[in-house]
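The figures here come from the full heavy-atom set of this structure, side chains too, leaving out hydrogens, waters and symmetry mates.
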Amino acid sequence: MDCEFVRQRTAALAATIANVEAAIDALTVGGIEEYTLDTGQTVQRVKRTDLPRLNGMMDTLLNRLEVLCARCPETAGQAGTLIAFAAKNINPNG
């Protein structure tokens with residue numbers, strides 16, 4: 001797998017993870033009932049009742065990011081850094 005492709009995919013995946021994390025945080029800590037989640041592919045309203053699904057989605061996305069990062073020497077072991085960088089660029093809505 002080409003490292004440039006891996007860099008592009010990991011950046012997009014990290015942004016999706018940051019968006020899902022923002023939704024989970026808003027619903028659990030923010031005290032709101034609904035949140036607009038924009039994954040980059042879809043925009044949907046999620047509710048507190050969706051938290052189990054969102055947590056499962058987060059686990060899947062994190063695993064996928066770890067696997068992708070491991071495929072390129074330039075991104076190996078950098079999943080956390082990529083997510084932190086992407087999270088800085090996310091504006092959670094409520």
Value rounded to 0.5 Å, distance of [atom1] in [X] from [atom2] in [Y]:
| X | Y | atom1 | atom2 | answer |
| --- | --- | --- | --- | --- |
| L68 | Q8 | CG | CD | 12.0 Å |
| R71 | T10 | CZ | OG1 | 11.5 Å |
| T28 | Y35 | OG1 | OH | 11.5 Å |

Please tabulate, for side-chain N and O atoms in residues 51-62, each donor-acceptor pair with protein atoms closer than 3.5 Å (sequence neighbours left out).
{"residue": "N55", "atom": "ND2", "partner": "L51", "partner atom": "O", "Å": "3.2"}
{"residue": "T60", "atom": "OG1", "partner": "G56", "partner atom": "O", "Å": "3.1"}

Quiz item: Is R9 reaching over with its side chain to a backbone N or O of C69, donor-acceptor style, under 3.5 angstrom?
Solution: no
Quiz item: Any side-chain heavy atom of I24 within less than 4.5 Å of one from E21?
Solution: no
Quiz prompt | Side chain proximity check, E33 to R48, heavy atoms < 4.5 angstrom | solution = yes
Practice problem: With sequence neighbours left out, write down each residue that passes side-chain contact (heavy atoms from CB on, under 4.5 Å) with T42, or none if nothing qualifies. | Solution: T39, Q44
Quiz prompt | Contacts of V43 that satisfy side-chain contact (heavy atoms from CB on, under 4.5 Å) - sequence neighbours left out | solution = T36, D38
Exercise. Could you list the residues that satisfy salt bridge (Lys or Arg N to Asp or Glu O under 4.0 Å) with R7, not counting sequence neighbours?
Key: E4, E74
Quiz item: Can you name the nearest heavy-atom pair linking I32 to L27, along with the distance?
Solution: O-CD2, 3.7 Å
